Novice: 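Handing you this structure, nothing more for now.
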Amino acid sequence: WLLTATADAYSLNARYLTAPAHNQVIVMVPASAIAGHIVHAGKKHPVAGVTVVSRSTDGVLSLPVTTTSDEDGGFLFERLSAGHYVLEVRTRRYQSSPTEVDLEVGAMSPPVQLEVSEATWLQADVSLASGPCTGGFVELEGAGLMGAIAHTGEVVIEGIPPGHYR
């Protein structure tokens, strides 16, 4: 189960648990935020409609959070807990290098600029002798990227830099 607590002006707090679960304590803290812009690495112009992923790296099991850049390339992550985050773009058209951000309690980050460059994507169907593979991962060697195999056997890997891979 996913237990979630929300309150105005406080960070979203969620955790996985198994029922029955007794004496759960959720501590609410003032919300923090990360703001920034997406720009094209070569042309330096803003890039709209790009999905940005934020992952907490503080060791707490949490889901990645996403947002999309606006028409001016701006993006905003709100209602975050204080901590260490890694931001990255991995889409069918663009990719960026990971960018680390530290957030204090109730604070807005300094402006973050993510530079994106062209990327591509891979779609494949993974089969076994008995039919579609229904789980697991496919790794693109040389790119350090992985994709989860869906229950249909399909795997999609996005944000692949141009190049030759095995």
Side-chain angles (χ1 to χ4, degrees), residues 1-4 6 11-18 33-81 83-103 109 111-166:
W1 297 98
L2 180 63
L3 178 64
T4 305
T6 62
S11 64
L12 176 68
N13 197 327
R15 72 176 65 167
Y16 289 101
L17 57 89
T18 303
I34 300 173
H37 284 86
I38 305 288
V39 296
H40 190 280
K43 302 171 187 167
K44 301 298 181 193
H45 63 76
V47 183
V50 173
T51 301
V52 183
V53 177
S54 172
R55 290 180 178 82
S56 173
T57 61
D58 286 328
V60 177
L61 179 61
S62 62
L63 299 172
V65 180
T66 63
T67 191
T68 303
S69 61
D70 63 22
E71 62 276 353
D72 297 322
F75 65 87
L76 178 64
F77 289 99
E78 297 180 290
R79 302 184 68 196
L80 298 174
S81 297
H84 188 79
Y85 292 85
V86 175
L87 307 182
E88 192 169 19
V89 172
R90 290 251 173 244
T91 68
R92 292 184 180 203
R93 292 190 59 208
Y94 296 106
Q95 59 93 21
S96 74
S97 296
T99 299
E100 297 183 19
V101 177
D102 288 309
L103 281 178
S109 72
V112 176
Q113 180 171 296
L114 295 177
E115 292 189 1
V116 296
S117 56
E118 280 75 20
T120 190
W121 58 287
L122 167 78
Q123 184 275 328
D125 292 309
V126 182
S127 298
L128 305 171
S130 59
C133 180
T134 59
F137 295 90
V138 171
E139 181 178 0
L140 185 59
E141 190 175 307
L145 300 174
M146 294 178 65
I149 301 170
H151 70 279
T152 60
E154 180 184 59
V155 62
V156 176
I157 302 174
E158 297 180 327
I160 304 170
H164 297 280
Y165 302 95
R166 298 179 197 230

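As the structure is a computational prediction, the values presented were derived from the model and not from experiment.
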Novice: Which pairs pass side chain to side chain donor-acceptor pair (under 3.5 Å) with one or both residues in residues 146-159, sequence neighbours excluded?
Specialist: Arg92-Glu158, Gln123-Glu154
Novice: Determine, step by step, whether Thr91 and Trp121 satisfy the side chain to side chain contact (heavy atoms under 4.5 Å, CB included) criterion, reporting the C-alpha distance in whole Å, the side-chain angles of both residues, the deciding distance to 0.1 Å, and the verdict.
Specialist: CA-CA 8 Å; Thr91 68; Trp121 58 287; over 6 Å; no
Novice: How close do Phe77 and Val52 get, heavy atom to heavy atom, and via which atoms?
Specialist: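 Minimum heavy-atom contact is CZ-O, 3.4 Å.
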Novice: What's the verdict on side chain to side chain contact (heavy atoms under 4.5 Å, CB included) for Val126 and Val138, showing C-alpha distance, side-chain angles and the deciding distance?
Specialist: CA-CA 9 Å; Val126 182; Val138 171; 3.9 Å; yes
Novice: Count the heavy atoms of every other residue, nucleotide or ligand shown that sit under 6.0 Å from CZ of Arg79, and state whether that count exceeds 12.
Specialist: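 Enclosed.
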Novice: Which is it for Leu114 and Phe75 under the side chain to side chain contact (heavy atoms under 4.5 Å, CB included) test, yes or no, and what are the steps along the way?
Specialist: CA-CA 10 Å; Leu114 295 177; Phe75 65 87; 4.1 Å; yes
Novice: Can you find a pair of side-chain heavy atoms, one from Val65 and one from Val53, that are under 4.5 Å apart?
Specialist: no
Novice: So how far is it from Leu145 CG to Ile157 CD1, rounded to the nearest 0.5 Å?
Specialist: 6.5 Å
Novice: Output all residues satisfying side-chain hydrogen bond (donor to acceptor under 3.5 Å, both in side chains) with Ser11, sequence neighbours left out; order by chain, then residue number.
Specialist: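 Only Ser81 meet the side-chain hydrogen bond (donor to acceptor under 3.5 Å, both in side chains) criterion with Ser11.
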Novice: Checking Asp70 side chain against Asp72 main chain: does a donor-acceptor pair fall under 3.5 Å?
Specialist: yes
Novice: Nearest heavy-atom pair of Leu76 and Thr67: which atoms, and what distance?
Specialist: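 In terms of heavy atoms, the two residues are closest at O-OG1, 3.4 Å.
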Novice: Might you point out which heavy atoms bring Tyr85 and Ser54 nearest each other, and give the distance in Å?
Specialist: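 Heavy atoms of Tyr85 and Ser54 come nearest at CD2-OG, 3.2 Å.
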Novice: Kindly give the heavy-atom pair with the smallest separation between Ile149 and Cys133, and that separation in Å.
Specialist: CG2-O, 3.5 Å
Novice: Does Gly49 offer a backbone N or O that forms a donor-acceptor pair with the side chain of Ser69 under 3.5 Å?
Specialist: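 Present.
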Novice: Which residues satisfy the side chain to side chain contact (heavy atoms under 4.5 Å, CB included) test with Val86, sequence neighbours excluded?
Specialist: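 With sequence neighbours excluded, Val86 shows a side chain to side chain contact (heavy atoms under 4.5 Å, CB included) to Thr57, Pro98, Glu100, given in chain and number order.
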Novice: For Ser109, check side-chain hydrogen bond (donor to acceptor under 3.5 Å, both in side chains) against everything at least two apart and list the hits.
Specialist: none
Novice: What donor-acceptor contacts under 3.5 angstrom involve side-chain atoms of residues 33-48, with partners at least two apart or in another chain?
Specialist:
residue : atom : partner : partner atom : Å
His40   : ND1  : Gly42   : N            : 3.1
His40   : ND1  : Lys43   : N            : 3.2
His40   : NE2  : Glu118  : OE1          : 3.4
His40   : NE2  : Glu118  : OE2          : 2.7
Lys44   : NZ   : Ala41   : O            : 3.3
Lys44   : NZ   : Glu115  : OE1          : 3.4
Lys44   : NZ   : Glu115  : OE2          : 2.8

Novice: Give a yes-or-no answer on whether the side chains of Ser117 and Gln95 include a donor-acceptor pair shorter than 3.5 Å.
Specialist: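 Yes - a donor-acceptor pair under 3.5 Å links their side chains.
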Novice: Could you grab the distance from atom OG1 of Thr134 to atom CG of Leu128, nearest 0.5 Å is fine?
Specialist: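 The distance works out to 7.5 Å.
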Novice: Please answer whether the main-chain N or O of Val89 pairs with a side-chain N or O of Ser96 as donor and acceptor at a distance below 3.5 Å.
Specialist: yes
Novice: Not counting sequence neighbours, which residues clear side-chain hydrogen bond (donor to acceptor under 3.5 Å, both in side chains) with Thr68? List them please.
Specialist: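 Result, side-chain hydrogen bond (donor to acceptor under 3.5 Å, both in side chains) vs Thr68: none returned.
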Novice: Checking side chain to side chain contact (heavy atoms under 4.5 Å, CB included) for the pair Val156/Leu122: CA distance, chi angles, key distance, verdict?
Specialist: CA-CA 6 Å; Val156 176; Leu122 167 78; over 6 Å; no
